[in-house]
Colleague: 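Mind having a look at this structure? Questions to follow.
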Amino acid sequence: MRVLDLSRLLPGPYCSRILADYGFEVIKVEPPGGGDWSRYVPPLDPENGQGFLFNALNRGKKSLTANLKTDEGRVILLRLVETTDVILDTFRPGVMERLELGYDTLSQANPRLIYCTLSGYGQRGPYRERAGHDLNYQALAGLVDLTGPRNGPPAMPGVPLADLSGALWAASGILMALLERERSGRGQRVDSSLLGGALSLLPLAAAQARGGQPPVRGAGELTGGVVCYNLYETQGGGTMALSALEPQFWSAFCQAVGRGDLSGHQYAPALTGEPAYDELCALFRSKTQKEWQELLSGVDACCDPVYNVEEALASAPVQALEMLSEEGLRPPVQFSGQPVGAATKAPLLGEHTAEVLSELGFDTADVEALREQGIV
């Protein structure tokens, strides 16, 4: 399967990297002279001068430079589309049409083409041409308002949830469209959005709102509103995550810490002044994080330390997943019949231009002439 990836920065490259990790040939089409901006985002890899983020998002891909604003650049893309299964773009709606490379044009060149757009706000609606970033999409979807303490202001989530979830949905849409193509023999357009990705993370909150009980920040069972599912500071500054939602886990926790008297207060409000909450806060502050780990080792109580990223990557459960590699995180899904192999490094800008163009019949002199004109 061949993918032409016209995207830059995070969402699109993350989507196409998922496909590359599982064996798709991904050709990253970049403008000559600069390419994907994330190539230059620090920290930079001393080996090739590219950003570590770029390398992680674009491993296993090829890089072709082509100026799609020129007639020659558009001809190159149209010829490539004839042997392509999927094309991915993250431009605002209408950009590819203005370049005369929209879905209608490309599907005429290849009726089996899967054309995936991953835009900020979708192809319709009042925001379709509006600029945005992850925080905008999270804010508009309601995610930011749900994040943070009950009596405090909204907080920014620690990861770009809209970008990543939107990319995952786009990858899922591409795979489902390819599956449908096996039945029908024809391609189709797949539209995904980052606002929609953010919204997809709210099935619980949306169900509550539809049921007349809209969630309140920091007050739900899963957002810090009860004592059995909460974060607790320990002696020395560490934090423990207690998530003993089921009665058997709460009972195991209470017995392990010698506080059987709290067994009947599992869902007590996590508010200062509430006896059960104050007791638990004091209890956790009586030991260090390491001491709590040792005490609860082997106890099925759903209580674990809060790691920073470096601690998490070095921890035994994460190491056991075998997801860590020099090229970034490997995919979390493994197949017994098709093991995920080691990925090649991320490409240098235009590294595979001559190789890809040679497939289209361009010789060395042709490629050099195109380079001199700034077309590739």
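Residue numbers start at 1 and run along the sequence shown. Nothing here was measured: the structure is a model prediction, and the numbers come from that model.
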Colleague: Over all heavy atoms of both residues, which pair between G166 and L118 is shortest? Give the atoms and the distance, please.
Modeller: O-CD1, 3.7 Å
Colleague: Which is it for F54 and D45 under the side-chain contact (heavy atoms from CB on, under 4.5 Å) test, yes or no, and what are the steps along the way?
Modeller: CA-CA 10 Å; F54 176 87; D45 187 338; over 6 Å; no
Colleague: Side chain of R59, backbone of A20: donor and acceptor closer than 3.5 Å?
Modeller: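 Pair absent, no side-chain N/O of R59 close to backbone of A20.
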Colleague: Using 0.5 Å steps for rounding, measure from the CE atom of M240 to the CG atom of L296.
Modeller: 5.5 Å
Colleague: Got Y229 and L222 here, is their nearest side-chain heavy-atom distance under 4.5 Å?
Modeller: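 Y229 vs L222: side chains touch.
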Colleague: In this structure, are over 12 heavy atoms from other groups packed under 6.0 Å from F52 atom CZ?
Modeller: yes
Colleague: Is a side-chain donor or acceptor of S315 paired with a backbone partner of A312 at a separation under 3.5 angstrom?
Modeller: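 Between the backbone of A312 and the side chain of S315 there is a qualifying donor-acceptor contact (under 3.5 Å).
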Colleague: For T272 and Y277, what are the C-alpha separation, side-chain angles and deciding distance, and is it a side-chain contact (heavy atoms from CB on, under 4.5 Å)?
Modeller: CA-CA 7 Å; T272 301; Y277 180 66; 4.2 Å; yes
Colleague: Looking at D145 and G142, would you say the former's side chain and the latter's main chain have a donor-acceptor pair under 3.5 Å?
Modeller: no
Colleague: For the residue pair L101 and M96, establish whether any side-chain heavy-atom pair is separated by less than 4.5 Å.
Modeller: yes
Colleague: Just do the salt bridge (charged side-chain N to carboxylate O under 4.0 Å, His left out) check on D71 and R74 with the steps written out, would you?
Modeller: CA-CA 5 Å; D71 291 339; R74 287 191 289 271; 2.4 Å; yes
Colleague: K287 and T234: which non-hydrogen atoms are nearest, and at how many Å?
Modeller: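 That would be O-CB, 3.4 Å.
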Colleague: Please find the pair of heavy atoms, one from A170 and one from C15, that lie closest to each other, and give the distance.
Modeller: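 Heavy atoms only, the tightest pair is CB-SG, 3.8 Å.
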Colleague: Could you please spell out the steps behind the side-chain contact (heavy atoms from CB on, under 4.5 Å) verdict for V190 and I114?
Modeller: CA-CA 7 Å; V190 177; I114 305 300; 3.9 Å; yes
Colleague: Tell me, do R8 and S38 make a side-chain contact under 4.5 Å, heavy atoms counted?
Modeller: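 No - every pair of side-chain heavy atoms lies 4.5 Å or more apart.
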Colleague: How long is the straight-line distance from CD of E82 back to CG of L78, given to the nearest 0.5 Å?
Modeller: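 With rounding to 0.5 Å, CG (L78) is 8.0 Å from CD (E82).
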Colleague: Just by distance, with hydrogens left out, do W169 and S200 show a side-chain donor and acceptor under 3.5 Å apart?
Modeller: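 Yes, because at least one side-chain N or O of W169 sits under 3.5 Å from a partner of the opposite role on S200.
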Colleague: What I want to check is whether the side chains of S63 and E30 have a donor and an acceptor closer together than 3.5 Å.
Modeller: yes
Colleague: Is it the case that more than 12 heavy atoms not belonging to E47 sit under 6.0 Å from its CD atom?
Modeller: no
Colleague: Taking the six-membered ring of Y14, is the NZ or CZ of R17 close enough (under 6.0 Å from the centre) and on axis enough (within 45°)?
Modeller: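 Cation-pi check for R17 and Y14: fails.
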Colleague: I want to check something: taking the side chain as every heavy atom from C-beta on, are L135 and V144 in contact at a cut-off of under 4.5 Å?
Modeller: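 Yes, at least one pair of side-chain atoms sits under 4.5 Å.
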Colleague: Is it the case that more than 12 heavy atoms not belonging to E233 sit under 6.0 Å from its CD atom?
Modeller: no
Colleague: Any ion pair linking D5 and K61 (charged N to carboxylate O, less than 4.0 Å)?
Modeller: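 Salt bridge flag = yes for D5 with K61.
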Colleague: Charged N to carboxylate O below 4.0 Å: is that the case for R92 and E129?
Modeller: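 No, this pair does not count.
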Colleague: Test side-chain contact (heavy atoms from CB on, under 4.5 Å) on S119 and Q123; report intermediate values, then the result.
Modeller: CA-CA 7 Å; S119 61; Q123 299 297 310; 3.6 Å; yes
Colleague: Centroid separation under 6.0 Å, is that true for the rings of Y121 and Y137?
Modeller: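 Aromatic pair counts; centres sit under 6.0 Å.
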Colleague: Given side chains that start at C-beta, do those of K62 and P347 come closer than 4.5 Å, heavy atoms only?
Modeller: no
Colleague: Checking side-chain polar atoms at under 3.5 Å, does Q50 have a donor or acceptor matched by the opposite partner on N55?
Modeller: yes
Colleague: Between Y267 (side chain only) and G225 (backbone N and O only), is there a donor and an acceptor less than 3.5 Å apart?
Modeller: no
Colleague: Could you tell me whether the side chain of L10 reaches within less than 4.5 Å of the side chain of P160, counting heavy atoms only?
Modeller: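 Heavy-atom side-chain distance check passes, below 4.5 Å.
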Colleague: Identify the heavy atoms of A256 and V299 that sit nearest to each other, and give their distance.
Modeller: CB-CG1, 3.9 Å
Colleague: Taking the side chain as C-beta and beyond, is there a heavy-atom pair between L4 and V81 under 4.5 Å?
Modeller: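 Heavy-atom side-chain distance check passes, below 4.5 Å.
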Colleague: I'd like to know if the side chain of T117 pairs up with that of D89 as donor and acceptor (distance under 3.5 Å, no hydrogens or angles considered).
Modeller: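 No, D89 and T117 have no side-chain donor paired with an acceptor closer than 3.5 Å.
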Colleague: Is Y307 reachable from V318 through a run of I, L, V, M, F, W or Y residues, each pair having side-chain heavy atoms under 4.5 Å apart?
Modeller: no
Colleague: State, to 0.1 Å, how close Y103 and E97 come at their nearest heavy-atom pair, and which atoms those are.
Modeller: N-OE2, 4.1 Å
Colleague: Specify the closest pair of heavy atoms between K28 and P13, including all atoms of both residues, with the distance to one decimal.
Modeller: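 Nearest heavy atoms, K28 then P13: NZ-CG, 3.9 Å.
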Colleague: Looking only at side-chain N and O atoms, does Q138 offer a donor or acceptor that is under 3.5 Å from a partner on D134?
Modeller: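 The answer is yes; a qualifying pair exists.
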Colleague: Taking the side chain as every heavy atom from C-beta outward, state whether L140 and Y127 have any pair of such atoms under 4.5 Å apart.
Modeller: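 Answer yes - side chains close enough.
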